[in-house]
Undergrad: 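I'd like to ask you about the structure that follows.
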2 protein chains.
Amino acid sequence: MTKALQILREHGVQPTPQRLAVLEFIQKSQTHPSADDVYSSVRRTCPTVSRATVYNTLNLLAEKGVIKTQLLRERGLVFDAHVHRHHHFIDEETGQIHDVPWEAVQIHAGDGLSKFEIREIQVVMRGKRRP
Amino acid sequence: MTKALQILREHGVQPTPQRLAVLEFIQKSQTHPSADDVYSSVRRTCPTVSRATVYNTLNLLAEKGVIKTQLLRERGLVFDAHVHRHHHFIDEETGQIHDVPWEAVQIHAGDGLSKFEIREIQVVMRGKRRP
DNA sequence: GTTCGTGCAAACGGTTTGCAACAAT
DNA sequence: ATTGTTGCAAACCGTTTGCACGAAC
């Protein structure tokens, strides 16, 4: 795993214990945590941290491109340490969100899209994970 | 446009003025309205309608498959009269959401996805609409 | 000493829920 | 009479904001 401290510095974000804890949790979590997931986890190692700080940090990190927000749950954003392009699969039964590598899906945008300048493209798949 | 009254009956939803107004607005709106957009509009023709009724109706219609909820805006769901499969393009400057016909994008899910049983697949594109 | 980060609490916006009145069957 | 629908208000949940304290340069 890339060092959180180093990443913060590289992005011009002053490292603080809170920010390190937030980033480290998102980096190590395979799920796509909500702000509250982050809050709960960070609270364990840093029991005085406030929700405001967690939200501030998440917004700051997203702004700086350290993490990415995703619109994949009905209630609220989730956060993703993978900032490179990739897709998502959502298990409709468990609600779990899985990353899908970019190369696993081939997309070809055909005609009828000439009126759009596509800057970002993402595939969202839903279904159930095979046993 | 398909008759709202008929659609409600076909889906076993008892037609009421409120429900008709909600469905008709969603059907005729080319944008993807939020619950509040629906509320504001329906209020004009039916000034006593309550937010609760609008939300109840939207949830009911979505449950019955008359409309579809989409997770495309940071704050809250949007509603779509198009229940057949299609994609979306979001203009990052205006926030406008455009429907993209299913055939306009070709998707090929390759290997590495065998562990997922894909029941639904949707492409979300972002960028800016060409002038 | 000024700037930046934190923590608290209050506010906010979208959505849901409990409930009483009121149709509709 | 029973069931389903409405409207109101309050609650709820995720998120943002205002502000005062404290730390860092």
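Convention: sequence-line order gives letters A, B, ...; per-chain numbering from 1. Everything numeric here is computed off the predicted structure, so don't read it as measured data. Computed over heavy atoms, backbone and side chain alike; hydrogens, waters and symmetry mates excluded.
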Undergrad: For this output row, return yes or no: ring centroids of A/His32 and A/His98 closer than 6.0 angstrom.
TA: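 They do not qualify: ring centres at least 6.0 Å apart.
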Undergrad: So does A/Thr16 get a side-chain nitrogen or oxygen closer than 4.0 Å to the phosphate oxygens (OP1/OP2) of C/dG5?
TA: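 No, no such contact exists.
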Undergrad: Calculate the interatomic distance between B/Gln18 atom CD and D/dG4 atom P; express it in whole Å.
TA: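 That distance rounds to 17 Å.
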Undergrad: For DNA chain D, which residues of residues 68-80 of chain B approach it to below 4.0 angstrom with any heavy atom?
TA: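 Nothing qualifies; none.
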Undergrad: Mind listing the residues from residues 49-64 of chain A sitting with a heavy atom below 4.0 Å of DNA chain C? Number order is fine.
TA: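 Within this stretch, A/Val49, A/Ser50, A/Ala52, A/Thr53 sit under 4.0 Å of the strand.
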Undergrad: Would you say the side-chain atoms of A/Arg43 pair up with the backbone N or O of A/Val49, donor to acceptor, closer than 3.5 Å?
TA: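 Yes, because the side chain of A/Arg43 sits within donor-acceptor range (under 3.5 Å) of the backbone of A/Val49.
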Undergrad: Out of B/Asp91, B/Ile90, B/Val100, which residue meets the side-chain contact (heavy atoms from CB on, under 4.5 Å) rule with B/Met125?
TA: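 The residue from B/Asp91, B/Ile90, B/Val100 that satisfies side-chain contact (heavy atoms from CB on, under 4.5 Å) with B/Met125 turns out to be B/Val100.
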Undergrad: Are there any protein N/O atoms within less than 3.5 Å of an N/O atom in nucleotides 19-24 of chain D, and if so, which ones and at what distance?
TA:
none

Undergrad: Quick one: A/Leu8 CG to C/dG5 P, roughly how many Å, whole number?
TA: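 One finds 11 Å between P of C/dG5 and CG of A/Leu8, rounded.
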Undergrad: May I have the distance from B/Tyr39 (atom OH) to C/dT16 (atom C1'), rounded to whole angstrom?
TA: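 Roughly 15 Å, once rounded to whole Å.
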Undergrad: OG1 of B/Thr69 to CD of A/Glu74: how many Å apart, nearest 0.5 Å?
TA: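 Between B/Thr69 OG1 and A/Glu74 CD, I get 5.0 Å after rounding to 0.5 Å.
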Undergrad: Out of curiosity, B/Ser40 OG to B/Phe25 CZ, how far, rounded to the nearest 0.5 Å?
TA: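 So the gap between those two atoms works out to 8.0 Å.
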Undergrad: Please report the interatomic distance CG(B/Asp99) to CD(B/Gln30), rounded to the nearest 0.5 Å.
TA: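 Between atom CG of B/Asp99 and atom CD of B/Gln30 there are 8.0 Å.
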Undergrad: Hey, could you give me the CD/OG distance between B/Glu24 and B/Ser29, rounded to the nearest 0.5 Å?
TA: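 One finds 12.5 Å between CD of B/Glu24 and OG of B/Ser29.
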Undergrad: Please name all residues satisfying salt bridge (charged side-chain N to carboxylate O under 4.0 Å, His left out) with B/Asp80, sequence neighbours left out, ordered by chain then number.
TA: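 Expected list: none.
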Undergrad: For A/Arg119, enumerate each residue passing the salt bridge (charged side-chain N to carboxylate O under 4.0 Å, His left out) test, keeping only those at least two apart in sequence or located in another chain.
TA: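 With neighbours one apart ignored, the set is A/Glu117, B/Glu92, B/Glu93.
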Undergrad: Would A/Lys68 and A/Glu120 pass as an ion pair if we require N to O under 4.0 Å?
TA: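 Looking at A/Lys68 and A/Glu120, the cut-off is met.
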Undergrad: Between B/Arg19 (side chain) and B/Gln14 (backbone), is there a donor-acceptor pair under 3.5 Å?
TA: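 It does hold such a pair.
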Undergrad: Using a cut-off of strictly less than 4.0 Å between a heavy atom of the residue and any atom of DNA chain C, enumerate the qualifying residues of residues 30-37 of chain B by number.
TA: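 Those residues whose heavy atoms fall under 4.0 Å from DNA chain C, taken from residues 30-37 of chain B in numerical order, are B/Ala35.
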Undergrad: Does B/His84 have its ring centroid less than 6.0 Å away from the ring centroid of B/Trp102?
TA: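 Judged by ring-centre distance (under 6.0 Å), B/His84 and B/Trp102 do not meet the cut-off.
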Undergrad: Do the side chain of B/Thr45 and the main chain of B/Val42 share a donor and acceptor less than 3.5 angstrom apart?
TA: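 Flag set: sc B/Thr45 to bb B/Val42 pair under 3.5 Å.
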